[in-house]
Number of protein chains: 2
Amino acid sequence: MNEPTGVTQKRIRTPRKGPGRPAAGESLTPQEVTEAALRLILAEGEGALTMRRLGEVLGVRAMALYNHFPNKEAILDAVASLAFASMPVPPDKGHWRTRIKGLCFGIRGMALQQPNVFRVAMTRRVPPEKALPHIAAALSAFADAGLPPAAQAVAYQTVRLYVRAHCLWEIEELGVHRDGASAGFTHATTDLSKTAAAAKMVFAPDPDRQFEAGLDLILRGLQVSKER
Amino acid sequence: MNEPTGVTQKRIRTPRKGPGRPAAGESLTPQEVTEAALRLILAEGEGALTMRRLGEVLGVRAMALYNHFPNKEAILDAVASLAFASMPVPPDKGHWRTRIKGLCFGIRGMALQQPNVFRVAMTRRVPPEKALPHIAAALSAFADAGLPPAAQAVAYQTVRLYVRAHCLWEIEELGVHRDGASAGFTHATTDLSKTAAAAKMVFAPDPDRQFEAGLDLILRGLQVSKER
DNA sequence: CACCGTATATTTACGACGTAATGTTGATCC
DNA sequence: GGATCAACATTACGTCGTAAATATACGGTG
């Protein structure tokens, strides 16, 4: 039940013997703490992030962390910001449609590769300036699509919410559980078959196509409102 | 810090004196437990749902609950199912568009009236048969819109994810916090004004219009794919 | 009526959690 | 070279979910 996950979390520094100030240049920084927390979450899920555990990874007792962060919440916020900053932002070149889709697929890529980190990043509220590159890129694309500002805002928010929800749903349904282990597809096609063959599709395991299809659906609506 | 919330949680039955089997007809049922848990969450948020606290409300020690549920997770799952069952399902009459919108607005209504319960219901995975009425109603409407089964599935999933994400975002942004208290609108219009006037809209406090606009955007795309 | 198994509760206890409060050390500055 | 202070350790508190052991009353069976 509590077996090691295979991913070994290296201690960054060997634990110190007694109390007192550490040797010169051996002091902890918020960056180190944040990155260690991110690695811990990446490997074993948010549930594995414990003050004691994080301290252990950093070669320090739990309470030492409170010199750099006011509480655990703040550490998680920092992790979320860091994760957000690591998401790709494609350049402002090409058709607006491909730009938007590139943005969305980039986000989904991170969701699939680092589901635990993604979940933390999406669950917490992140300061808007961390997301500013993405916002700017999206709005620029929607502007190039010929949308007036108000419609840009609606489009951005709609796409953003859809992408977020789909990715969270996908990593949840794929059984990437909160605490590291991964399970098989649950394939919830119980006896919905009588409702419609379509119902099967709703829970069917083709997330790639579903993601793109939903995205295209939204962008199609955009196209229409542009043409009017 | 620990002040009463104004909403008093009544004890359903007075606590018993000693151990042993309760008098006839005084035994707990899973329904009672589930409903009490829902009331607790409704009034004070998921964070207030504690085995001890729930037991207290039911006039019982915490461990007594383990006779009816294997663990706390199961109780939360039951609450989620109960909440899901309480969501309105409009009848299959009228234009498909108004039916879909009615469905969505009904869900959002519950989200705004019972944000804490809604969050629990949306956060946990609920057995598909509990959502079957909604699924059936939505698919029926999309079928009436002339969509083939595959497109019905895409439309359903897209709308579902959007509605869920918007409602969660809204109750989060409106400051209905996880543990009962409500804060003001944070109005995160820091210095994004330089990006575009549209950026302001993204975070602007008009959730009603935003919700409907996003929904219309998606349904507009649907209309197009129907006409082809 | 006496008896007993079973369902339901209480009691006690364990380990893990976040963190408040306090103690201890080494580096740095006047 | 003593005082200051930053960064750690230590101890402790209250809370959590829940495992294990125990006690009681009801429903059958003799």
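Here the structure is a predicted model, which means the values were calculated and not measured. In what follows, chains carry the letters A, B, and so on, assigned in the order in which the sequence lines appear, proteins first and then strands, with residues in each chain numbered from 1.
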If we ignore hydrogens and angles and just use 3.5 Å, is the side chain of B:R11 paired with the main-chain N or O of B:L58 as donor and acceptor? no
For residues 70-89 of chain A, which residue pairs qualify under side chain to side chain donor-acceptor pair (under 3.5 Å), counting only residues two or more places apart or in two chains? A:E73-A:R124, A:D77-A:R124
Any donor-acceptor N/O pair, B:S140 side chain to B:A136 backbone, under 3.5 Å: no
Presence of salt bridge, A:R61 and A:E56, under 4.0 angstrom: no
Report the residues that fulfil side-chain contact (heavy atoms from CB on, under 4.5 Å) with A:R108, sequence neighbours left out, ordered by chain and then residue number. A:F105, A:L112, A:H166, A:C167, A:E170, A:P207, A:D208, A:F211
A:L28 atom CG is separated from C:dA27 atom P, nearest whole Å, by 16 Å
Residues of residues 63-71 of chain A with any non-hydrogen atom less than 4.0 angstrom from an atom of DNA chain D: list those, numerically ordered, please. A:M63, A:A64, A:N67, A:H68
Rounded to whole Å, please give me the gap between CE in A:M51 and P in D:dA12. 20 Å
Would you mind telling me which residue lines up with the more 5' stretch of DNA chain C, B:R52 or B:G18, judged by nearest nucleotide? B:G18
Nearest-angstrom distance from the residue atom CZ of B:R13 to C1' of C:dT8: 12 Å
Dump the pairs, protein N or O against N or O of nucleotides 26-28 of chain D, anything under 3.5 Å, distances to one decimal.
unit_1 : atom_1 : unit_2 : atom_2 : d
D:dC26 : O2     : B:R21  : NH1    : 3.0

side-chain N/O B:R61 vs C:dT11 OP1/OP2, d < 4.0 Å: yes
Choose from D:dT18, C:dT19, D:dC16 the nucleotide whose nearest atom is closest to any side-chain atom of B:T50. D:dC16
For B:L49 and D:dT18, give me the distance from atom CG to atom P, rounded to whole Å. 11 Å
Mind jotting down which residue pairs meet the salt bridge (charged side-chain N to carboxylate O under 4.0 Å, His left out) criterion with at least one end in residues 24-35 of chain B? Sequence neighbours excluded, please. B:R13-B:E32
Nearest whole Å is fine: how far is C:dG26 P from A:R16 CZ? 8 Å
Pick one: which of B:N116, B:I75, B:L82, B:L49 meets side chain to side chain contact (heavy atoms under 4.5 Å, CB included) with B:L38? B:L82
ring-ring contact (aromatic ring centres under 6.0 Å, His included) partners of A:Y66, counting only residues at least two apart: none
Nearest whole Å is fine: how far is D:dA9 P from A:L58 CG? 11 Å
Nearest-nucleotide check on DNA chain C, B:E26 vs A:K72; residue mapping nearer the 5' end is B:E26
Closest nucleotide among D:dC16, C:dC17, D:dC8 to the A:P19 side chain: D:dC8
Please examine the side chains of B:F142 and B:V159, heavy atoms only from C-beta on, and report whether any two atoms are closer than 4.5 Å. yes
